[in-house]
Amino acid sequence: MELVLVLDDEPAKGRKIESAIRDAGYECKYAINLTEARSFLKNENVTLGVFDISLENIAPDLTSIDFVIKEVQPKIPTLFITQHVESKYNEYFDDIVKRLPHASWIPMKEQKYLKENVLRGITLAKEKFKLFEYKENRALVKNITFQNKITFKERQAGRVDRDENPAKRLFLNKDDILYITSDDTESNTVKIVTTETSYFLTSGIGAVAKQLSLYQPIGYNFLRVQKSYIVNTDKIEYWDTQNNLLWIAGSSKIPVGSSFLKEQNLSDLFPFLPSD
């Protein structure tokens, strides 16, 4: 049976969370302070952690983010909860994304939905951790070879230079790719946007998606989120669910198609991104 550790400095709320988790079939240990939490982590086989971000009643100068970084090793699925006002959400979100890429979080604004929110959060935390492990494992594969008879070089002064050499291949490091999109200004052409420049290839975006899926395990890196877009999931920084936009490193905003949203279960793939 999975063992969940709950750390919350408010006993009434902490016990409610503990009860909700036990009712869902998990074993659960509730810690009211850091000493108890350390003891459970040392002596029990804790498989998932649920932490109130603010520990102001027991450690005014420490957040549970700091605690997890320093003392929860090896990494486990981790869920942070907070009841702070919205201005604080962004601050905590930025901190988690930068320092704990394997962790998830949810706001807990309405107590009447506490049980539902906690159980949903635990599910998301598990899925986020799986995604984190995928990223760790697939880091061994570095390069992608795009096999195209014609490679479009970078556009300059409104024109496109073509390399007609049939043996020409484009070699890219997967970590340099931000996203891939259909090029509206050139038929049957896709644009690969990287951290440094863009490349234009003779291919349909469906063919590129199929080609990427053959590169395992890096197939996990790339996700088709709209008819005309494939994104590198490692480069997603924020999900604007209200407008269905993914924010990609470098300030690009990629639209998410409703059919792809349903098919790919983005809510499960990216639980670490806040929902509107």
Side-chain angles (χ1 to χ4, degrees), residues 1-41 44-59 62-69 71-72 74-97 99-133 239 241 265-276:
M1 182 180 294
E2 294 181 82
L3 174 59
V4 180
L5 169 64
V6 175
L7 173 61
D8 195 306
D9 60 355
E10 299 178 33
K13 177 160 65 74
R15 292 297 183 187
K16 287 181 180 179
I17 294 173
E18 178 189 21
S19 177
I21 293 173
R22 287 186 183 278
D23 288 346
Y26 296 92
E27 186 178 354
C28 187
K29 298 288 186 180
Y30 168 59
I32 194 173
N33 55 48
L34 297 180
T35 301
E36 289 187 358
R38 291 186 181 105
S39 177
F40 288 136
L41 288 167
E44 306 279 355
N45 184 26
V46 175
T47 58
L48 189 145
V50 177
F51 303 93
D52 186 5
I53 289 183
S54 174
L55 302 174
E56 56 189 18
N57 293 329
I58 57 175
L62 184 73
T63 68
S64 57
I65 299 173
D66 302 311
F67 176 76
V68 169
I69 290 173
E71 306 200 36
V72 182
K75 294 180 177 68
I76 58 175
T78 301
L79 174 67
F80 292 103
I81 58 176
T82 179
Q83 291 179 302
H84 280 276
V85 295
E86 191 166 343
S87 60
K88 275 287 187 181
Y89 292 166
N90 292 333
E91 178 184 331
Y92 289 139
F93 164 70
D94 290 341
D95 207 18
I96 293 170
V97 169
R99 302 170 67 197
L100 287 170
H102 70 282
S104 185
W105 71 282
I106 56 170
M108 298 284 290
K109 289 188 274 189
E110 297 189 52
Q111 285 293 304
K112 63 180 179 178
Y113 298 121
L114 182 145
K115 180 176 180 179
E116 292 84 351
N117 286 338
V118 168
L119 297 183
R120 174 178 174 271
I122 286 177
T123 299
L124 296 181
K126 290 181 178 180
E127 293 298 323
K128 173 61 191 303
F129 193 75
K130 288 180 183 178
L131 182 61
F132 170 78
E133 289 184 315
W239 181 15
T241 55
N265 288 323
L266 294 190
S267 296
D268 291 338
L269 285 171
F270 305 117
F272 56 101
L273 301 178
S275 298
D276 299 321

Practice problem: Can you sort out the partners of R15 under side chain to side chain contact (heavy atoms under 4.5 Å, CB included), two or more places apart, ordered by chain and number? | Solution: E18, Y30
Quiz item: With a 4.5 Å limit on heavy-atom distance, are the side chains of L55 and N33 in contact?
Solution: no
Practice problem: State, yes or no, whether a side-chain contact exists between L5 and L48 at a heavy-atom distance under 4.5 Å. | Solution: no
Quiz item: Within a strict 4.5 Å, meaning less than it, do heavy atoms of the L79 and F51 side chains meet?
Solution: no
Practice problem: Would you name the heavy atoms of D8 and G14 that are closest together and state the gap between them? | Solution: CB-CA, 4.0 Å
Quiz item: At what distance, to the nearest 0.5 angstrom, does OG1 of T78 lie from CG of L100?
Solution: 7.0 Å
Quiz item: Are F80 and I106 close enough that some pair of their side-chain heavy atoms sits under 4.5 Å apart?
Solution: no
Quiz item: Would a 4.5 Å heavy-atom cut-off, applied to side chains only, mark I122 and L124 as touching?
Solution: no
Practice problem: Could you list the residues that satisfy salt bridge (Lys or Arg N to Asp or Glu O under 4.0 Å) with K29, not counting sequence neighbours? | Solution: none
Practice problem: Quick one: pull up CD in E127 and OG in S104 and give me the separation to the nearest 0.5 Å. | Solution: 10.5 Å
Quiz prompt | Exercise: identify the closest heavy-atom pair between L119 and A24 | solution = CD2-CB, 3.5 Å
Practice problem: Answer whether the closest heavy-atom distance between the side chains of L7 and D52 falls below 4.5 Å. | Solution: no
Self-check item: K115 side, atom NZ; D23 side, atom CG - distance, nearest 0.5 Å
Solution: 4.5 Å
Exercise. Would you mind reporting whether K13 and L114 have side-chain heavy atoms less than 4.5 Å apart?
Key: yes
Quiz item: CD/E36 to CD1/I58 distance, rounded to the nearest 0.5 angstrom?
Solution: 9.5 Å
Quiz item: Distance from W105 atom CH2 to S64 atom OG, nearest 0.5 Å?
Solution: 12.5 Å
Quiz item: With a 4.5 Å limit on heavy-atom distance, are the side chains of F67 and L34 in contact?
Solution: yes
Self-check item: Shortest non-hydrogen separation from P11 to I32 and the atoms involved
Solution: CG-CD1, 3.3 Å
Quiz item: Could you state the interatomic distance from CE (M1) to OG1 (T47), rounded to the nearest 0.5 Å?
Solution: 10.5 Å
Quiz item: What pairs with R99 under side chain to side chain donor-acceptor pair (under 3.5 Å), at least two apart in sequence or on another chain?
Solution: D66, D95
Self-check item: CA sep, side-chain torsions, deciding dist, call: K16, E10, salt bridge (Lys or Arg N to Asp or Glu O under 4.0 Å)
Solution: CA-CA 10 Å; K16 287 181 180 179; E10 299 178 33; over 6 Å; no
Self-check item: Parallel, tilted or perpendicular: rings of H102 and F129 (30°, 60°)
Solution: perpendicular
Self-check item: Least distance between heavy atoms, A31 atom then A37 atom
Solution: CB-N, 3.5 Å
